[in-house]
Amino acid sequence: MSLTTLGGKKLPTQNVGEPDVWNRVFKKFGRQYKEPKLVIFSGTTRTACGTGQSAMGPFYCPADQKVYIDMRFYQELQRKFRAPGDFAQAYVIAHEVGHHVQKLLGIADKVVQLKQRHPSSANKIQVRMELQADCLSGVWANLNHQLHNRLQPGDIEEGLNAANAIGDDMIQKRQQGYVVPDAFTHGTAEQRVRWFSTGYKAGRMDVCDTFKASKL
Ligand SMILES: [Zn+2]
């Protein structure tokens with residue numbers, strides 16, 4: 001795995017630093033891929049989408065096409081969610097880069113319009129958006145392995161474990177002790193794991209149409 005050292009901390013930036021995977025996929029479709037920028041911050045940070053806070057977890061801002069991550073989230077991933085491992089970290093960034101891919105493909109803008117037209121279904125629409133980003137991160141994991149032979153035994157399990165640990169139902173259970181399905185915006189742990197696996201097994205984007213899927 002490609003690592004960048006920043007302030008003595010090693011960061012997995014294989015997806016951000018190595019644009020091979022999405023570059024190739026986009027080229028295949030006659031499109032050009034533009035890499036997102038990765039911004040490491042602590043506490044709060046100004047973004048084109050408003051103020052970013054560590055408590056929000058890692059996020060992608062479509063307006064400036066940057067992925068924001070607070071290093072403490074990784075530590076939390078390890079401790080609170082019991083999802084250690086470098087692939088778990090790569091999965092988290094790959095999910096955010098998935099949102100960037102959605103932005104470049106025009107999906108993100110369509111979703112904004114769809115939510116404006118159907119405000120009462122906004123959460124449900126967002127879940128489809130999130131599960132698609134999970135599926136795209138699975139596609140990335142597959143293709144990145146084909147290109148660079150990057151996966152080591154146990155890596156996919158690490159990614160799945162992270163997907164499982166940060167499902168909305170798991171997060172809600174930890175935070176409030178019960179689950180409120182209406183407030184789901186990322187999908188359940190089971191859904192996140194399944195969509196990641198779908199993308200990973202196929203290694204193709206066309207299996208990631210969560211907006212058409214009858215079963216999420
Ligand atoms: Zn997301």
Side-chain angles (χ1 to χ4, degrees), residues 12-13 15-16 21-22 35-41 45 47-70 72-74 76-77 80-81 83 87-112 114-115 121-141 159-172 174-175 180-200 205 207-211 213 216:
T13 58
N15 48 325
V16 176
V21 166
W22 290 120
E35 287 169 65
K37 288 219 165 63
L38 178 68
V39 180
I40 316 282
F41 73 101
T45 184
T47 85
C49 302
T51 305
Q53 290 173 340
S54 334
M56 294 159 66
F59 64 96
Y60 172 71
C61 170
D64 56 23
Q65 305 199 356
K66 291 177 185 169
V67 172
Y68 292 87
I69 186 155
D70 186 317
R72 274 178 298 182
F73 178 78
Y74 279 161
E76 222 173 280
L77 196 61
K80 224 157 100 197
F81 298 130
F87 191 78
Q89 302 180 350
Y91 159 77
V92 168
I93 295 187
H95 171 93
E96 301 307 332
V97 174
H99 286 313
H100 177 61
V101 169
Q102 290 172 317
K103 168 70 183 168
L104 295 182
L105 294 178
I107 297 168
D109 293 337
K110 272 189 201 149
V111 163
V112 170
L114 201 63
K115 282 179 180 168
S121 307
N123 270 1
K124 280 183 186 148
I125 296 165
Q126 186 62 28
V127 167
R128 289 180 187 266
M129 176 91 165
E130 295 300 334
L131 293 176
Q132 184 173 62
D134 286 332
C135 183
L136 292 173
S137 69
V139 171
W140 168 81
L160 293 176
N161 187 28
N164 184 52
I166 58 184
D168 282 341
D169 49 347
M170 303 293 271
I171 292 175
Q172 284 190 358
R174 279 198 180 80
Q175 283 173 352
V180 190
D182 279 351
F184 285 176
T185 53
H186 275 80
T188 64
E190 188 271 329
Q191 287 173 320
R192 297 199 73 174
V193 167
R194 193 154 35 75
W195 279 101
F196 174 86
S197 305
T198 299
Y200 176 70
M205 281 204 292
V207 301
C208 295
D209 194 350
T210 52
F211 293 95
L216 273 185

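Whatever order the structure lists ligands and atoms in, that order sets their numbers, starting from 1. The residues of the chain are indexed from 1 along the displayed sequence.
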Atom name, Glu130 (N, O or S, nearest to the Zn ion (ligand 1))
OE1

Criterion side chain to side chain contact (heavy atoms under 4.5 Å, CB included) against Leu136, the qualifying member of Val101, Leu105, Leu131
Val101

If the cut-off is 2.8 Å, does any N/O/S atom of Glu96 fall short of it from the Zn ion (ligand 1)?
no

Specify which N/O/S atom of His99 comes nearest to the Zn ion (ligand 1), by atom name.
NE2

Sidechain-backbone polar pair: Asp134 side chain, Trp195 backbone, donor-acceptor under 3.5 Å
no

Do you see a donor-acceptor pair shorter than 3.5 Å between the side chains of Gln126 and Lys115?
yes

Within the 3.5 Å criterion, strictly below it, is a donor on His95 or Glu130 matched to an acceptor on the partner's side chain?
yes

